[in-house]
Amino acid sequence: MSFFLTHRKKTKFFSMTRKDLGKATKKITSWDKIKMTCELARNHNPSVRHAWVDTCCIDKTSSVELSEAINGMFRWYRNVAECFAYLRDLLQPKSGLEIDKNQLRFCCWFQREWTLQKLVALSLIDFYSNTWLCIGNKSQLRPLLSRITNIYESVLENIDYF
């Protein structure tokens, strides 16, 4: 059983490939997201063995790596037990009011290349605000997700089309 974090990096100019992992330290801005992913995974299932984060970018200069990523990621996503979607630009109101879920449509996560593939392939996705407040899951938010992405609700239900 594995858990997965999907997020959007703060800057579109920062990318880390597998070559950079040896240099990775706590200074990387994604470190807190990695720790929180592990905590969420353990809270969901204390016997969890894996959690992975899509912090590394695909080396688009390598046609082999790009081809493997495109062909393999859907299969990886289908085998994930649960996904945590961290939406850093979905801001928690300071007054303690509930988050307006309609603000989801403005989150940069929905502008990523892999978002549609993740929404279709992943069965369970929990969406989190910038303060790690869970605002709902894919099933609860299905009508809104369909309006944002133009993916039919029936496709988002993960009936085995693939």
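Position 1 is the first residue of the sequence; numbering continues from there. Hydrogens, waters and symmetry mates play no part in the numbers below; they use all other heavy atoms, side chains included. Please read all numbers here as calculations on a predicted model, not as lab measurements.
- Counting all heavy atoms, side chain and backbone alike, L156 lies closest to S146 at CD1-N, 3.8 Å.
- Applying the side chain to side chain contact (heavy atoms under 4.5 Å, CB included) test to Q103 and every residue at least two apart in sequence or in another chain returns L90, D100, F106.
- With sequence neighbours left out, R105 forms a side chain to side chain contact (heavy atoms under 4.5 Å, CB included) with L144, R147, I148.
- The closest side-chain heavy-atom distance from R88 to C108 is below 4.5 Å.
- Under the 3.5 Å distance criterion, the side-chain polar atoms of T149 are matched with a main-chain donor or acceptor of L145.
- Within the 4.5 Å cutoff, the side chain of L119 has heavy atoms near those of the I151 side chain.
- Within the 4.5 Å cutoff, side-chain heavy atoms of L122 are placed close to those of I125.
- Every side chain to side chain donor-acceptor pair (under 3.5 Å) that S47 has, sequence neighbours left out, goes to N45.
- The main-chain N or O of F84 is never found under 3.5 Å from a side-chain atom of D126 such that the two would form a donor-acceptor pair.
- Taking each heavy atom of K33 and Y86 in turn, the nearest pair found is CD-CD2, 3.6 Å.
- Of all the heavy atoms in L104 and L87, the pair that sits closest is CD2-CD1, 3.2 Å.
- Of the possible polar contacts, none joining the K138 side chain to the E157 backbone as a donor-acceptor pair under 3.5 Å is found.
- The main-chain N or O of S62 is never found under 3.5 Å from a side-chain atom of E65 such that the two would form a donor-acceptor pair.
- In the hydrophobic cluster analysis, where Ile, Leu, Val, Met, Phe, Trp and Tyr join through side-chain heavy atoms closer than 4.5 angstrom, F127 is grouped apart from L91.
- With a 4.5 Å cut-off on side-chain heavy atoms, V120 and Y77 do not count as touching.
- The two residues R78 and A121 have their closest heavy-atom pair at CD-O, 3.0 Å.
- Using a 4.5 Å heavy-atom cutoff, the side chains of W109 and T115 are in contact.
- In this structure, C83 and K118 have side chains that are not in contact, with every pair of non-hydrogen atoms separated by 4.5 Å or more.
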